[in-house]
J.: 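Have a look at the structure that comes next, please.
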Amino acid sequence: MLDLKLLQNNFEDIAKKLRKKGLKEDVLKELKRLFITLKEQRAKLEALQAKKNEKSKLFPIYKKEQKDISKLKKELDEIKESIIFEQNEVNRLEKELEEYALNIPNIPDDEVPEGKDEEDNIEIKRVLTPKEFSFEPKEHWELAQELDWIDFKRGVKLAKSRFSVLKNGAAKLERALINYMLDFNTKRGFSEVCVPYIVNKDSMLGTGQLPKFEDDLFKIEDEKLYLIPTAEVPLTNLYRDEILKEDELPILMTSYSACFRKEAGSAGRDTRGIIRQHQFDKVELVSITKPEQSDEVFDKMVECASDLLTSLALPHRLVMLCGGDLGFGATKTIDLEVWLPGQGKYREISSVSNTRDFQARRAKIRYKEGKKNRLVHTLNGSSLAVGRTLIAIMENYQQEDGTIAIPEVLKEYL
RNA sequence: GGACAGGUGGGUGAGCUGGCUGAAACCACAUCCCUGCUAAGGAUGCGUACUGGCAACGGUACCGAGGGUUCGAAUCCCUCCCUGUCCGCCA
């Protein structure tokens with residue numbers, strides 16, 4: 001959520017920055033108006049409440065002195081009536097304000113480039129050079145079918161489209177990759193955590209999936225619970241409504257989880273293979289930091305994911321997302337895209353974002369600095385999407401005879 | 001899922017025959033004093049959010065959540081959520 005006080009005081013600045021994300025200024029104007037109106041309305045209400053409290057305190061005194069209380073009672077009744085009226089007004093404004101505020105995206109950093117969509121993202125650097133194949137490299141789904149590694153048809157039978165079943169080498173590689181990634185991240189100082197895959201509404205609100213993106217989530221009927229779209233949700237919400245100690249920070253975590261996404265709006269995209277599934281495995285990094293630590297930790301997370309790819313000898317590039325492509329809660333995002341020789345393209349395999357205090361404000365994650373409570377910064381990033389890593393290995397390590405070589409570092413995990 | 005017992009500040013835990021309780025006491029924590037050594041004693045401070053004020057210091061709300069009764073609720077009533085114990089079920 002936006003800092004509404006900041007919006008009140010630096011309206012022009014924030015409006016300008018949010019233009020980068022394609023947000024209309026009218027929305028911000030209305031938000032500011034609501035915020036100020038609510039403040040005034042609250043002051044009115046509180047004055048009445050103060051009066052009520054003061055008068056109510058007279059009752060025991062009157063009783064003691066055996067004075068008549070009926071007049072006082074009548075007075076209070078009138079005050080009460082106006083309180084109810086003003087209270088309703090406050091409630092109405094609060095609801096309206098919340099609806100507005102929760103739907104406004106985070107403010108992009110200054111270094112985030114202008115742009116509309118992924119076309120305008122900026123490549124920062126490339127790591128490793130794609131190798132030349134002496135034959136025509138195949139796409140992962142072709143390889144998977146020939147090797148009997150992935151059963152697409154039966155996945156659909158079990159659930160629906162965009163579900164599949166990993167078998168044989170794919171199943172083993174998937175498991176090896178998860179273990180390897182967790183170990184790798186742990187060595188980099190991220191402590192391993194194992195979280196629930198189902199969370200409640202408050203958690204989804206805390207990290208910003210709700211209220212705006214309900215359509216992207218799998219909801220459990222009659223339970224008011226949701227399947228997580230990423231381990232970022234439970235990991236970040238671990239500290240929701242908590243006040244941390246300063247010396248606990250930064251908290252660096254890594255977790256493997258299955259992720260569930262409805263993929264609303266991506267009909268027709270990546271329908272072949274397992275690039276875009278409703279359920280996929282991911283090893284996630286989440287950090288909770290002091291504000292002044294978050295840039296450094298951000299770099300550390302990007303480096304961790306990139307080094308992980310390098311350790312698997314997978315060519316990739318780093319891309320800075322432009323304003324239009326930036327996610328709802330992020331101030332800055334770097335995507336890692338891995339080279340897929342079968343497709344002849346770089347494809348997203350990791351996304352590292354700094355949300356600064358955006359999630360922290362929603363989720364009320366603070367820490368004590370001296371006597372003051374300050375909002376923390378929260379960061380998240382994949383390290384890595386496991387299914388896509390599997391694809392990358394299949395396509396990059398394929399051999400002329402149709403078999404897949406095994407990356408050196410994974411050998412001890414198989 | 002059924003029965004009973006509970007949910008109070010960082011923790012333990014009073015209050016729960018309605019007003020003197022935003023909340024005792026103890027512990028933890030912070031600062032200071034004393035003392036001098038592996039420990040003790042004393043003083044003060046110590047919830048959160050919003051809000052007024054340069055500040056000192058005030059105001060409002062919050063005792064699981066949401067409603068209700070009342071001039072007034074942590075305290076009474078209702079609904080929901082959660083925890084514990086026992087039973088049932090189960091990896």
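Each chain gets a letter, A, B and so on, in the order its sequence line appears, and its residues count up from 1.
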J.: Measuring only the C1' atom in each nucleotide, how far is B:A28 from B:C46? A whole number of Å is fine.
T.: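 Pairwise C1' distance, B:A28 against B:C46, rounds to 11 Å.
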J.: Quantified in whole Å, what is the C1' atom distance between nucleotide B:C4 and nucleotide B:C76?
T.: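 Roughly 22 Å separates the two C1' atoms.
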J.: With no hydrogens and no angle check, just 3.5 Å: does a side-chain donor-acceptor pair link A:Gln359 and A:Thr378?
T.: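 Yes, side-chain donor-acceptor contact under 3.5 Å.
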J.: Distance check needed: B:C71 C1' versus A:Lys73 NZ, whole Å only.
T.: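 Distance, rounded to whole Å: 7 Å.
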J.: Find the distance A:Lys55:NZ to B:G59:P and express it as a whole number of Å.
T.: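 Rounded to the whole Å, the gap is 17 Å.
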J.: Just the rounded figure in Å: distance from C1' of B:C71 to CZ of A:Phe59.
T.: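 Atom CZ in A:Phe59 sits about 3 Å away from atom C1' in B:C71.
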J.: In whole angstrom, what separates A:Tyr62's OH from B:C20's P?
T.: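 In whole Å, B:C20 P lies 18 Å from A:Tyr62 OH.
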J.: Quick one: does any side-chain atom of A:Ser266 pair with a main-chain N or O of A:Glu263 as donor and acceptor, under 3.5 Å?
T.: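 Side chain of A:Ser266 to backbone of A:Glu263: a pair is present.
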J.: A:Leu225 has an atom CG; how far is it from atom P of B:C81, in whole Å?
T.: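 Going from A:Leu225 (CG) to B:C81 (P), I get 12 Å.
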J.: I'd like to check the side-chain contact (heavy atoms from CB on, under 4.5 Å) partners of A:Lys411; sequence neighbours left out, ordered by chain and number.
T.: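 Checked A:Lys411 against side-chain contact (heavy atoms from CB on, under 4.5 Å); matches are A:Ile406, A:Glu408.
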J.: May I ask you to say whether A:Arg361 pairs ionically with A:Asp3, meaning some side-chain N is under 4.0 Å from a carboxylate O?
T.: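 Salt bridge between A:Arg361 and A:Asp3, a charged N being under 4.0 Å from a carboxylate O: yes.
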J.: Roughly how many Å apart are B:U21 and B:A14, using the C1' atom of each and rounding to a whole number?
T.: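 Each nucleotide's C1' atom is 11 Å from the other's.
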J.: Heavy atoms, side chains only, cut-off 4.5 Å: are A:Arg261 and A:Arg276 in contact?
T.: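 No. Closest side-chain heavy atoms not under 4.5 Å.
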J.: Mapping A:Asn91 and A:Lys51 to their closest nucleotides on RNA chain B, which lands nearer the 5' end?
T.: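 Residue closer to the 5' terminus by nearest nucleotide: A:Lys51.
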J.: Check the orientation of A:Phe163 and A:Phe218. Use parallel for under 30°, tilted for 30 to 60°, and perpendicular for over 60°.
T.: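 Answer is tilted, since the angle falls between 30° and 60°.
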J.: Rounding to the closest angstrom, what is the interatomic distance between B:G64 and B:G13 at atom P?
T.: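 That atom pair is separated by 15 Å.
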J.: Rounded to whole angstrom, note down the P distance from B:G22 over to B:A61.
T.: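 Going atom to atom, P in each nucleotide, I get 10 Å.
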J.: Please report the interatomic distance OG(A:Ser383) to CG(A:Leu336), rounded to the nearest 0.5 Å.
T.: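 Rounded to the nearest 0.5 Å, the OG-CG separation comes to 9.0 Å.
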J.: Where along nucleotides 45-51 of chain B does protein come under 4.0 Å, by heavy atom, of base (B) or sugar-phosphate alone (S), with - for untouched nucleotides?
T.: S--SSSS
J.: May I ask you to test the A:Glu78-A:Glu75 pair for a side-chain heavy-atom distance under 4.5 Å?
T.: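 They are not in contact (no side-chain heavy atoms under 4.5 Å apart), so the answer is no.
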J.: Would you indicate whether A:Lys16, at its atom NZ, is surrounded by more than 12 heavy atoms from other residues, nucleotides or ligands within a distance under 6.0 Å?
T.: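 12 or below, so no.
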J.: What is the distance, rounded to the nearest whole Å, between atom CD of A:Gln87 and atom P of B:A61?
T.: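 Spelled out: CD on A:Gln87 to P on B:A61 is 10 Å.
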J.: Quick check on B:G72: is either OP1 or OP2 less than 4.0 Å from any side-chain nitrogen or oxygen of A:Asn53?
T.: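 The answer is no; no side-chain N or O of A:Asn53 sits under 4.0 Å from OP1 or OP2.
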J.: Quick one: stems for RNA chain B, with Watson-Crick or G-U pairs under 3.5 Å, at least three in a row?
T.: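 Stems found: B:1-7 with B:81-87, B:10-12 with B:25-27, B:29-33 with B:41-45, B:47-52 with B:57-62, B:64-68 with B:76-80.
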J.: Taking B:G47 as the reference, what is the distance to B:G9 when you measure between their P atoms (whole Å, please)?
T.: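 Per the computed distance, 13 Å lies between those P atoms.
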J.: Taking atom C1' in both B:G42 and B:U35, what distance in whole Å separates the two?
T.: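 Taking atom C1' in both B:G42 and B:U35, they lie 11 Å apart.
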J.: Without decimals, in angstroms, what is the distance between A:Ile79 CD1 and B:G72 P?
T.: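 Roughly 11 Å, once rounded to whole Å.
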J.: Using the C1' atom on both, measure B:G84 against B:C71 and round to a whole Å.
T.: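 It comes out at 39 Å once rounded to the nearest Å.
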J.: To the nearest Å, give me how far apart CG (A:Leu48) and P (B:C71) are.
T.: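 Atom-to-atom, A:Leu48 to B:C71, this comes out as 18 Å.
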J.: Measure from NZ or CZ of A:Lys332 to the centre of the six-membered ring of A:Phe298 and say whether it is under 6.0 Å with the direction within 45° of the ring axis.
T.: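 Geometry flag: set, cation within 6.0 Å and 45°.
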J.: Identify, between A:Lys80 and A:Glu54, the residue whose nearest nucleotide on RNA chain B lies closer to the 5' end.
T.: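 Looking at RNA chain B, the more 5' nearest nucleotide goes with A:Glu54.
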